[in-house]
Amino acid sequence: MHESIYLADDEKNIRDVVASFLESEGYRVLSFADGEGLLEAFNAQPADLVILDIMMPGLDGFEVCKRLRQFSTVPVIMLTARDSDLDYATGINLGSDDYFTKPFSAMALVMRVKAILRRVAY
């Protein structure tokens, strides 16, 4: 299992923790501090799954998800401190596959990543 995961979050400690947990499960993780960097990398080399923070400088996670959906069906997990029903609905309606609110369990996120990747592998 060497699926690649792109992670965009403007908080370095969150990027580091999530990457560490995912890498310990055998995933290749590329982290980005903003959505623009993730989109550039994805255009050059698509990932198997994308994890997006909603509130980032520049392009927010909603906009990144919307742009990804214009040309890709890659699974997307939103990761955010915003937990309103409206934000949840917006994320899902824009095409995200799951929605995690901060603070979150890194292990629960890893399990969700595994479940989604298992499902899209078939």
Are any of the side-chain heavy atoms of [X] and [Y] separated by less than 4.5 Å?
X: Val113; Y: Tyr27; value: yes
X: Ser4; Y: Leu30; value: no
X: Leu52; Y: Ile77; value: no
X: Val76; Y: Arg69; value: yes
X: Phe62; Y: Met78; value: yes
X: Ile5; Y: Asp48; value: no
X: Leu49; Y: Ile51; value: yes

For this session: Apply side-chain contact (heavy atoms from CB on, under 4.5 Å) to Phe42 and Phe71, showing your working.
Result: CA-CA 11 Å; Phe42 195 94; Phe71 63 90; 3.7 Å; yes
Is [X] linked to [Y] within one hydrophobic cluster, defined over Ile, Leu, Val, Met, Phe, Trp and Tyr using a side-chain heavy-atom separation of less than 4.5 Å?
X: Leu109; Y: Val29; result: yes
X: Met56; Y: Leu68; result: no
X: Ile92; Y: Phe104; result: no
X: Val74; Y: Val110; result: no
X: Tyr6; Y: Ile116; result: no

Problem set entry | Point-to-point distance, once rounded to the nearest 0.5 Å, from CG of Leu7 to CG of Leu22 |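 Reported to 0.5 Å precision, the distance equals 7.5 Å.
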For this session: Kindly compute the distance separating OG (Ser96) from NZ (Lys66), expressed to the nearest 0.5 Å.
Result: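 Between atom OG of Ser96 and atom NZ of Lys66 there are 14.0 Å.
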Problem set entry | Derivation and outcome, side-chain contact (heavy atoms from CB on, under 4.5 Å), residues Arg112 and Phe100 | CA-CA 10 Å; Arg112 200 72 57 91; Phe100 260 78; 3.7 Å; yes
Pair [X] + [Y]: basic N to acidic O under 4.0 Å:
X: Asp53; Y: Lys12; answer: no
X: Glu63; Y: Arg67; answer: yes
X: Lys114; Y: Glu25; answer: yes
X: Lys102; Y: Asp9; answer: yes

Taking all heavy atoms of [X] and all of [Y], pick out the closest pair and write down the distance.
X: Val64; Y: Gly35; value: CG2-CA, 3.5 Å
X: Gly95; Y: Cys65; value: C-SG, 3.9 Å
X: Asp97; Y: Pro75; value: OD2-CA, 3.1 Å
X: Leu59; Y: Glu36; value: N-OE2, 3.2 Å

Exercise. side-chain contact (heavy atoms from CB on, under 4.5 Å) between Ser20 and Val18: does it pass, once the steps are laid out?
Worked result: CA-CA 5 Å; Ser20 163; Val18 171; over 6 Å; no
For this session: Please name all residues satisfying ring-ring contact (aromatic ring centres under 6.0 Å, His included) with Tyr88, sequence neighbours left out, ordered by chain then number.
Result: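 Checked Tyr88 against ring-ring contact (aromatic ring centres under 6.0 Å, His included); matches are Tyr99.
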For this session: List the steps, then state whether side-chain contact (heavy atoms from CB on, under 4.5 Å) holds for Leu79 with Ile14.
Result: CA-CA 10 Å; Leu79 198 59; Ile14 288 180; 4.2 Å; yes
Problem set entry | Any donor-acceptor N or O pair under 3.5 Å, side chains Thr90, Asn93 |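 The answer is no; no qualifying pair exists.
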Problem set entry | Atom CG of Asp85 with >12 non-hydrogen neighbours under 6.0 angstrom | no
